[in-house]
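Structure first, commentary second.
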Amino acid sequence: MYSQVMRELQAAQGTLRLEDLAARVNAEPSALKGMLEFWVRKGRMRTGDGDAMDAAACAGACGQACPGVTQCVFVAKMPTMFSVVSKK
Amino acid sequence: MNLPETPRLPFRLDYGSEIEAEIEALQRALVAAGIVAGGSPRWLAVKLVEGDTKVLQNVARQQGGLALVNQARIASSRLVGIFGDEVDTLLADRRYGWINALVQQAVVRPVASVGSISDRVDRIVTSRLFGIPIFLFAMWATLKITVDVSAPYLDWVSAVISGPITNWASALLAVIGLGGTWVESLLVDGVIAGVGGVLVFVPVLMALYLVLGILEDSGYMARAAFVMDRLMNALGLHGKSFLPMLVGFGCTVPAFYATRTLENQKDRILTALLVPFISCGARLPVYLLFAAVFFPANSGSVVFGLYLLGILTAIGLGLLLKHTAFKGKQPSPFVMELPPYHLPSFKSIWFHVREHTSGFLRKAGGIIVVVSVLLWFAMAIPATGEGAFADTPVENSLFAQVSMFSAPVFEPLGFGSWEASGALFSGFVAKEVVVSTLAQVYDVAAAGDAAPAPALVVDALAIGQGFADATVETVKALPLIVGVDLRAADNEKPQTDLMVAIQGGFGTISGGHGALAGLAFMVFVLIYTPCMAAVSAERQEFGNGIMWASILGQTALAWLMAFTIFQGGLILGLG
């Protein structure tokens with residue numbers, strides 16, 4: 001399944017919705033998500049967006065570079081992204 | 001034996017003949033060695049073959065366990081040789097395959113959920129054909145609502161600050177014997193004019209955050225990120241770059257941190273160079289003020305145009321850099337999980353509006369007060385030898401004289417006045433300061449006007465009446481969103497003193513082409529360095545080199561674009 005998912009991702013040459021990828025590999029989106037999360041734990045994929053968004057939120061109020069309440073529009077509800085870790 | 005209690009699995013998952021053969025061999029060896037611990041030897045065998053560290057350590061401690069561990073390692077190596085992948089990944093793959101098959105067999109979804117509302121809406125909202133136009137429409141509608149609906153409240157706040165609040169402050173100072181002194185000038189012409197000039201935009205920002213909150217809470221904003229990702233990818237840019245850009249609509253500082261979503265350092269730097277071109281909320285007051293002065297009939301469209309110009313500049317420059325200095329490998333593909341659509345909750349939106357607005361107010365009460373006070377002192381100190389402290393014509397002040405040095409740089413752009421160049425320089429601190437500086441500069445120039453005596457009850461009634469009028473006007477303005485104007489035909493919006501002063505100042509300095517100069521000024525504000533906090537964040541994330549490249553590049557590009565607009569407009573006979 002991993003290689004099938006990788007093939008589909010490469011073929012898409014861009015962003016895919018989880019539902020679209022699930023349809024392409026004939027999988028349930030929830031099952032596919034579990035698998036993607038397993039590959040994140042294995043270091044083959046990364047999300048990282050949570051960290052980045054936390055850092056963004058941590059920037060605090062607009063115009064301040066200190067931790068504080070999330071003041072930044074759009075920070076709160078961004079989609080979760082899974083990207084393939086490129087081989088060095 | 002001290003092995004953990006192993007769960008009894010009610011089923012046997014078939015991992016395929018090669019893997020099963022290894023598991024069975026290990027299972028037999030475990031039983032033979034007596035290492036079962038009352039649990040399932042199959043479970044132990046599976047854990048051994050997939051290299052579970054804890055189980056390997058536990059088994060290795062048992063009598064004869066080391067031989068079993070070695071056998072497991074050899075079995076794993078054999079499987080890696082056959083499948084070309086790690087055994088735990090192979091096993092996980094089989095497990096998820098089994099789960100998937102089970103879900104497909106066992107779960108019967110209602111017909112409605114096969115094509116749920118979210119799916120059906122997504123088919124249009126994220127489609128290749130309609131995705132971008134819908135995103136642009138959402139942006140336009142957001143700004144249109146923000147500008148049109150909040151305008152009456154903006155006028156109300158402006159009237160309250162320049163009227164009752166200013167009068168009360170003067171009256172209070174008179175009571176304590178400071179009336180007519182430089183302290184009154186500092187408070188009225190410095191703090192109230194400066195901070196008040198920014199505070200009048202609170203209703204606008206509240207309206208903006210309200211609409212953005214609705215878009216975000218409904219789940220649309222995630223779709224916008226998806227749609228723009230795809231566009232960026234199609235253009236050869238990293239799709240993930242748009243995520244920090246979306247954050248940048250709120251504030252550039254967190255947008256720099258959001259570049260951490262990008263794996264590749266080159267892509268991160270490239271995105272960091274583009275993020276400042278996205279209009280942050282702080283630039284909105286400048287746009288609104290100038291659009292109201294020079295394009296009162298189309299202010300919403302002008303503001304939308306500036307937001308769009310920022311995006312197009314970022315994409316255009318990104319393309320240029322990606323094919324030159326930042327040439328590199330194609331970005332890794334990725335998958336996005338979009339949250340389902342849902343009706344926005346009042347609580348969530350109110351939190352959104354309250355947090356963002358209080359952040360803006362904190363900023364107004366902090367850095368903008370400080371800058372306003374500093375500017376007042378710079379405008380109070382005579383630099384030409386004429387006048388005395390707090391009693392000098394503003395054009396002879398230290399601030400004016402310093403600003404005059406840089407004014408000629410902006411002459412080809414149509415706004416080569418010391419007032420404009422001074423506002424742009426103070427705007428390096430924060431973009432709202434551009435407005436507060438202009439408010440101070442022109443307010444100082446108009447100082448000396450006699451204020452009416454304050455009357456507490458009359459003023460309070462007037463404030464209440466003003467609020468009620470603003471609410472009625474807002475309700476009447478709502479149909480403007482769909483192009484229907486219910487307001488009275490003679491409802492010509494009165495211009496404030498500041499607006500009149502800006503119109504006069506820009507008209508004079510540009511040789512009668514005030515609208516062109518105003519537009520060039522707005523574009524300059526859009527493109528040049530966002531603020532000190534953004535510069536600091538950029539330095540922290542990317543170092544001094546990138547920070548300076550960014551500052552110099554943005555300023556040069558801002559000058560070039562403003563020059564093109566003003567001179568191009570003159571050649572075409574516009575404005």
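Lettering follows sequence order; numbering is per chain, from 1.
With a 4.5 Å cut-off on non-hydrogen atoms, B:Ala430 does not touch chain A at all.
Taking CZ of A:Phe82 as the start and CE of B:Met336 as the end, the distance is 12.0 Å to the nearest 0.5 Å.
The closest side-chain heavy-atom distance from A:Trp39 to B:Asp93 is below 4.5 Å. Taking 4.5 Å as the limit, every side-chain heavy atom of B:Val335 sits out of range of all side-chain heavy atoms of A:Arg17.
The side-chain contact (heavy atoms from CB on, under 4.5 Å) search around B:Val429 returns B:Ile367, B:Val371, B:Met532, not counting sequence neighbours. Applying the side-chain contact (heavy atoms from CB on, under 4.5 Å) test to B:Val370 and every residue at least two apart in sequence or in another chain returns B:Leu374.
Salt bridge A:Arg44/B:Asp85: present, at least one basic N to carboxylate O contact under 4.0 Å.
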Legend entry - Step-by-step side-chain contact (heavy atoms from CB on, under 4.5 Å) determination, A:Lys42 to B:Thr89: CA-CA 8 Å; A:Lys42 285 289 293 173; B:Thr89 305; 3.3 Å; yes

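For B:Tyr96 (side chain) and A:Leu32 (main-chain N/O), no donor-acceptor pair under 3.5 Å exists by modelled atom type.
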